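Structure first, then comments.
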Amino acid sequence: MIIHPVLSWLNEWWQGVVATYGLPSCFVPAAQMVVHAILIGGFIAVLVLFLIWLTRKVSAHIQQRFGPMRVGWHGSVQTVADALKLMQKEDTTPRSCDRPVFNIAPFLAFAPTIVAFVVIPFGDGAIIRDLNIGVLFLFAITTINVIGVISGGWASGSKYSLLGGFRSAAQLVSYEVPLVLSALGVIMLAGSMKMGAIVDAQSRIWFVAYQPLAFVIYIIAATAEVNRTPFDIPEAEQEIVAGFNVEYSGMKFAMFFLAEFANMFLIAAIAATLFLGGWRGPWLPGEFWFLAKSFAIVLLLMFFRWTYPRLRVDQLMSFAWKFLLPLAFLNLIITGLILVLI
Amino acid sequence: MRVFRAIGRLVKGTWWLFVGMVTTTKHFLRRAITIQYPKERFEQWPRFRGRVAMVAGDDGGHKCTACAQCIRVCPAACITLERHKEGGVKGFVVDGYVIDIGLCIYCGLCVEVCNFDALAMVPEYEMSVYDKAELVYDIPKLLSRQLEPEFKK
Ligand code: SF4
Ligand code: SF4
């Protein structure tokens with residue numbers, strides 16, 4: 001309701017420019033893509049700065065501290081200062097690393113996150129490409145960042161990062177299965193993989209009411225998917241220092257960090273879209289409702305982090321395969337039966 | 001039977017997950033207890049043992065008799081005393097008495113050992129200065145801050 005008119009105005013203005021100056025017509029979609037890319041990039045940058053501040057504030061208040069207080073109002077510009085500091089840092093490369101892989105891994109981890117934002121409906125009409133395989137595209141794309149993580153861990157040439165990369169790969173691959181299966185219930189109800197259609201199907205009742213079990217499975221698997229505690233064994237500080245990103249510094253470390261926080265928001269945004277009615281809500285514009293729902297899930301993930309202790313590797317694996325997966329199948333079977341019988 | 005036990009454990013475990021979240025939320029809603037140090041300072045106890053000071057006698061001067069007990073006991077060896085004998089006066093005459101606060105470990109042994117109540121610890125703890133020389137406290141500086149009378153040793 002806010003973004004859509006602005007975008008279409010921009011588009012019309014640019015079409016006018018192209019027509020007036022007689023530029024080739026392929027300039028219209030090209031300019032549109034550039035605008036979208038800039039929008040997503042800017043949104044992610046601002047979002048991550050805000051999310052880091054929020055994480056620090058929330059975790060501080062859970063421990064009855066204040067967190068950052070000095071830079072700006074209640075430390076609100078602290079993350080900007082930190083980001084500037086990170087940019088100035090020396091970009092160290094360990095001698096034993098596999099240089100090309102080491103250099104490309106942070107981008108491999110970060111790029112899928114940007115791409116995934118393409119199919120997220122931020123509001124009424126505020127979706128960049130409403131693909132008809134939206135959900136499938138989302139899960140397929142977000143899985144790619146495992147490659148970034150594991151190649152980063154491998155290329156660092158350090159036992160800690162290698163262990164972190166392995167753990168991360170094992171965890172992401174196993175939790176991907178219940179994650180997708182839980183989303184499948186929603187897809188069956190909506191009868192479409194299109195994000196817009198899924199949101200439209202929830203215009204009366206949110207899918208969380210029909211699929212409570214799937215929602216719980218999704219939240220658990222999503223927490224594991226973005227490496228948040230209690231499933232943060234890939235970066236378990238006490239065991240393997242920081243996992244796959246031990247050897248990274250400067251902007252490359254910032255890339256991993258950016259990917260982690262953007263992923264956290266992404267997974268929350270998917271939950272809001274699939275289960276909580278997306279941008280639909282009374283009175284206020286859709287963008288507001290979308291952000292409010294997503295941030296509610298993000299807050300939930302942050303509270304998890306300060307409440308639950310980390311799982312062991314074997315517990316993590318058996319939980320995924322012996323508990324979550326059967327539960328996800330059960331949910332799928334029940335949904336299917338009900339759909340057939342009614 | 002094993003199935004029921006497993007379900008029981010599942011329910012119990014889920015309940016404890018919930019309890020954990022409630023506890024976290026409670027702490028989240030409580031007031032932060034941090035003191036924003038340079039902006040606000042904690043309330044000092046009246047007998048807070050900060051830096052060493054000299055206690056003023058009735059005439060406003062120090063009460064030291066140059067017995068050197070404090071020098072003997074000081075583990076950091078940060079007290080220097082200059083004294084001399086004078087005919088007709090009992091004991092010593094104090095020429096100078098200096099404590100290097102930069103070396104002092106705030107142990108309070110000198111206060112403990114002084115038989116003439118010449119030393120005391122005052123509630124002062126922000127001792128940072130830009131020049132090391134300012135940390136050397138001579139008699140006027142040591143006398144500059146006094147305790148409230150009822151807390152004299
Ligand atoms: S013990 Fe007391 S009286 Fe003796 S030298 Fe030290 S301060 Fe002076
Ligand atoms: S407090 Fe301890 S270290 Fe400091 S001057 Fe007295 S005896 Fe020496």
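Note that the structure is a prediction, hence the values are computed from the model and not measured. Chain identifiers are assigned alphabetically (A, B, ...) following the order of the sequence lines, protein sequences preceding nucleic acid strands; residue numbering begins at 1 within each chain.
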Could you go through A:Gln211 and A:Asn331, starting from their C-alpha distance and side-chain angles, then the distance that decides it, and tell me whether this counts as side-chain hydrogen bond (donor to acceptor under 3.5 Å, both in side chains)? CA-CA 8 Å; A:Gln211 297 271 331; A:Asn331 177 64; 3.1 Å; yes

Verdict with reasoning, A:Phe50 to A:Phe295, per ring pair (Phe, Tyr, Trp, His ring centres under 6.0 Å): CA-CA 11 Å; A:Phe50 176 70; A:Phe295 274 108; 5.5 Å; yes

Quick check - list every chain A-chain B donor-acceptor pair under 3.5 angstrom, one line each.
residue, atom, partner, partner atom, Å
A:Gln64, O, B:Ile33, N, 3.1
A:Gln64, OE1, B:His27, ND1, 2.7
A:Thr307, OG1, B:Thr24, OG1, 2.6
A:Tyr308, OH, B:Leu17, O, 2.9

Do the rings of A:Tyr175 and A:Phe319 sit parallel, tilted or perpendicular, given the 30° and 60° boundaries? tilted

Heavy-atom distances under 4.5 Å only: say whether B:Leu10 touches chain A with side chain, backbone, both or neither. side chain

Measuring from atom CE of A:Met188 to atom CD1 of A:Ile338, what distance do you get when rounded to the nearest 0.5 angstrom? 9.5 Å

Approximate separation, where rounding is to 0.5 Å, of B:Cys104 SG and B:Ile99 CD1: 7.0 Å

Can you classify the ring geometry of B:Phe28 versus A:Phe303 as parallel (below 30°), tilted (30 to 60°) or perpendicular (above 60°)? perpendicular

